[in-house]
There are 2 protein chains.
Amino acid sequence: MNDKFFNLPLEKQQRIINAAYKVFSQSSYKKAPMSEIADESGISKALLFHYFTNKKELYLYLWVNAIEMTRKAVREYKTLETNDFFEMLKRSLLSKCSLMRDYPHMYAFSLRAYYETASEIKSAIQENFSDVSKTSEMIVFEKMDTSRLRKDIDLKTMYDEIFYAIDGYMLKKYRSNRIIPDEIELEIISLIDFWKKVYIQKGA
Amino acid sequence: MNDKFFNLPLEKQQRIINAAYKVFSQSSYKKAPMSEIADESGISKALLFHYFTNKKELYLYLWVNAIEMTRKAVREYKTLETNDFFEMLKRSLLSKCSLMRDYPHMYAFSLRAYYETASEIKSAIQENFSDVSKTSEMIVFEKMDTSRLRKDIDLKTMYDEIFYAIDGYMLKKYRSNRIIPDEIELEIISLIDFWKKVYIQKGA
DNA sequence: CTCCTTATTAACCGTATCGGTTAATACAGA
DNA sequence: TCTGTATTAACCGATACGGTTAATAAGGAG
């Protein structure tokens with residue numbers, strides 16, 4: 001890629017990669033056209049190809065960028081510096097909301113990219129990701145303080161169910177094209193409060 | 001459309017419309033090619049166009065068909081003939097699993113079709129659907145026996161959260177390409193058992 | 001204003017794919 | 001062998017694709 005991209009005003013950089021996140025999150029790699037990304041970001045296709053040598057390079061840049069920014073946000077929100085499960089959950093989701101403010105379609109992009117089947121892309125993708133999600137799950141389970149949680153329910157199921165719900169919630173938001181970080185943040189917080197009420201042992 | 005389609009052996013009919021459900025569930029209407037549907041169902045494109053006059057007609061046929069079959073399955077499983085919420089949920093999901101055995105990609109298709117933006121399609125779609133999902137939610141709330149449920153939690157949130165989780169669960173299945181009805185049925189049942197344990201008032 | 005560098009794009013290229021058609025073939029049964 | 005039907009290969013014009021090129025616009029230095 002062309003390093004001059006980084007000399008662009010930050011707002012323009014963001015406009016371009018956001019357009020790319022959007023287009024790549026709505027279609028598969030193969031069916032997502034560069035021209036649509038150019039149109040969406042308000043620049044010419046030629047300029048887009050001036051900054052990114054080809055489609056594959058742009059896509060992989062987006063991928064690496066997404067992982068990096070996610071890691072950074074998780075760190076900034078001190079997500080793993082607590083052992084209260086719901087606090088951890090909250091920090092994790094708030095960090096995602098903050099990312100969403102700058103990059104509304106990054107979350108959907110990541111989800112889709114992980115399952116991307118295009119051969120040119122597939123290999124480069126999956127290696128660096130399985131550790132991110134899998135090991136973070138491990139860390140959570142190791143650090144988690146379970147003493148205040150109900151004893152009669154299976155924690156793994158609870159954990160899975162909560163993440164299913166978050167994915168389902170976000171899916172609905174994306175499908176209906178309502179990506180409003182403030183609204184999402186509020187609703188997520190109220191969902192977490194709901195889960196706390198449900199899963200924390202009475203009297204604990 | 002050509003009525004001769006219905007003279008085809010049922011297995012072949014199903015192969016064709018399943019291929020169509022699959023392709024239309026993976027790409028938007030505009031980007032889903034008829035040739036892919038033909039290939040996927042093992043017939044020539046020309047024959048596909050012989051049975052369905054054009055792409056739009058096929059799509060709308062799939063849509064009407066999906067609604068009709070869903071309604072039928074809900075009826076067959078006597079979904080609304082109980083007022084136990086979890087029983088209702090179970091019947092509703094088991095009916096979907098049974099549909100999934102014949103039409104694995106219908107669920108994903110319906111979800112996507114509802115939010116389809118292509119102008120040629122949009123108008124024809126949304127009218128007949130909002131009643132299906134909205135009023136069924138109404139019916140559930142009207143019929144629902146809440147006496148055994150925990151009094152300290154908000155029922156609407158519980159309802160929403162459960163359906164988010166189911167959507168999130170199914171999303172994962174589709175993304176990872178694991179549509180195995182028997183497996184899904186088992187996992188769904190165990191999720192429902194989990195919810196029962198969580199939401200039913202102790203001692204009720 | 002002139003010159004030079006850099007940012008930006010319109011126009012283009014060859015190829016692939018699209019929705020849809022046509023004319024010919026394979027196949028069945030009488 | 002004839003006849004009607006099921007099926008497809010080959011084709012059509014249009015469009016969209018990834019990527020390039022050559023020219024223009026913009027900006028800053030002298």
Side-chain angles (χ1 to χ4, degrees), chain A residues 1-17 19-63 116-122 124, chain B residues 1-17 19-63 116-122 124:
Chain A
M1 76 178 288
N2 190 335
D3 281 338
K4 285 173 191 164
F5 176 71
F6 299 110
N7 297 338
L8 257 46
L10 210 86
E11 179 265 333
K12 197 167 185 177
Q13 285 182 44
Q14 287 197 357
R15 235 174 48 225
I16 294 171
I17 82 170
Y21 276 134
K22 183 172 177 183
V23 172
F24 280 127
S25 74
Q26 285 169 347
S27 299
S28 67
Y29 173 76
K30 219 185 89 189
K31 293 187 178 169
M34 291 291 270
S35 56
E36 212 173 299
I37 296 174
D39 290 348
E40 182 87 25
S41 47
I43 64 171
S44 69
K45 194 177 60 160
L47 188 55
L48 185 59
F49 273 102
H50 176 65
Y51 290 126
F52 299 91
T53 352
N54 55 38
K55 192 171 160 180
K56 182 177 174 184
E57 187 186 274
L58 170 57
Y59 194 89
L60 292 182
Y61 170 76
L62 293 176
W63 174 250
E116 181 57 53
T117 54
S119 54
E120 323 159 58
I121 295 298
K122 213 169 143 186
Chain B
M1 75 179 288
N2 190 336
D3 281 339
K4 285 172 190 165
F5 176 71
F6 300 109
N7 298 338
L8 257 45
L10 210 85
E11 179 265 332
K12 195 167 185 177
Q13 286 182 44
Q14 287 197 357
R15 236 175 47 225
I16 295 171
I17 81 171
Y21 276 135
K22 182 172 178 185
V23 172
F24 281 126
S25 73
Q26 286 169 347
S27 300
S28 66
Y29 173 77
K30 219 185 89 188
K31 293 187 179 170
M34 291 291 270
S35 56
E36 212 173 299
I37 296 174
D39 291 348
E40 182 88 24
S41 47
I43 64 170
S44 69
K45 194 177 62 160
L47 188 55
L48 185 59
F49 274 102
H50 176 65
Y51 291 127
F52 298 91
T53 357
N54 53 40
K55 191 169 160 179
K56 182 177 175 183
E57 187 187 273
L58 170 56
Y59 194 91
L60 291 182
Y61 170 76
L62 294 176
W63 173 250
E116 181 57 52
T117 54
S119 54
E120 323 158 58
I121 295 299
K122 213 170 144 186

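Just so it is clear: chains get the letters A, B, ... in the order the sequence lines come, proteins before strands, and each one is counted from 1.
The NE2 atom of B:His50 sits 15 Å away from the C1' atom of C:dA23 (whole-angstrom rounding). Taking atom CG of A:Leu48 as the reference point, atom P of C:dT9 lies 11 Å away to the nearest angstrom. Atom CZ in A:Phe49 sits roughly 18 Å away from atom C1' in C:dA7 (whole-Å rounding). Put simply, CD1 on A:Ile37 is 11 Å from P on D:dG19, counting in whole angstrom units. Between the C1' atom of C:dT8 and the CZ atom of A:Arg15 lies a distance of 13 Å, rounded to the nearest Å. The CG-P distance, from B:Leu47 to C:dA23, rounds to 18 Å in whole Å. Residue B:Tyr51 contributes atom OH, which lies 17 Å from atom C1' of C:dG20 at whole-angstrom precision. Rounded to a whole Å, the CD atom of A:Glu120 is 11 Å from the C1' atom of D:dG18.
Nearest approach of B:Ser27 to A:Lys31, heavy atoms of both residues: OG-NZ, 3.3 Å. Contact between A:Ile37 and A:Ala19 at its shortest, heavy atoms only, is O-CB, 3.6 Å.
Listed by residue number, the members of residues 1-14 of chain A with any heavy atom below 4.0 angstrom from DNA chain D form an empty set.
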Handout entry: Verdict with reasoning, A:Leu10 to A:Gln14, per side-chain contact (heavy atoms from CB on, under 4.5 Å)
Key = CA-CA 6 Å; A:Leu10 210 86; A:Gln14 287 197 357; 3.9 Å; yes

Problem - Residue pair A:Lys55, A:Phe24: steps toward the side-chain contact (heavy atoms from CB on, under 4.5 Å) verdict - result: CA-CA 11 Å; A:Lys55 192 171 160 180; A:Phe24 280 127; 4.1 Å; yes

Practice task
Please test B:Tyr51 against B:Met1 for side-chain contact (heavy atoms from CB on, under 4.5 Å), starting from the C-alpha separation and ending with a verdict.
Solution key: CA-CA 6 Å; B:Tyr51 291 127; B:Met1 75 179 288; 5.9 Å; no

Taking only N/O atoms, report every protein-nucleotides 10-17 of chain D pair under 3.5 Å with atom names and distance.
| residue | atom | partner | partner atom | Å |
| --- | --- | --- | --- | --- |
| D:dC17 | OP2 | A:Ser35 | OG | 3.3 |

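Each end of the helix from C:dC1-D:dG30 to C:dA30-D:dT1 yields a helix axis from five base pairs, and these two axes differ in direction by 0° (to the nearest 10 degrees).
For the pair A:Glu36 and B:Lys30, the salt-bridge criterion is not met [side-chain N within less than 4.0 Å of a carboxylate O].
Proximity of B:Lys122 to B:Tyr29: side-chain heavy atoms (C-beta onward) are nowhere separated by under 4.5 Å. Within the 4.5 Å cutoff, side-chain heavy atoms of B:Ile16 are placed close to those of B:Phe5.
Atom CD of B:Glu11 and atom CZ of B:Arg15 lie 5.0 Å apart (nearest 0.5 Å). Between A:Phe49 atom CZ and A:Glu57 atom CD the span is 10.5 Å, to the nearest 0.5 Å. Expressed to the nearest 0.5 Å, how far OH of A:Tyr59 lies from CD of A:Glu120 amounts to 11.0 Å.
A:Phe52 comes within 4.0 angstrom of no nucleic acid atom, judged by non-hydrogen atoms across all strands.
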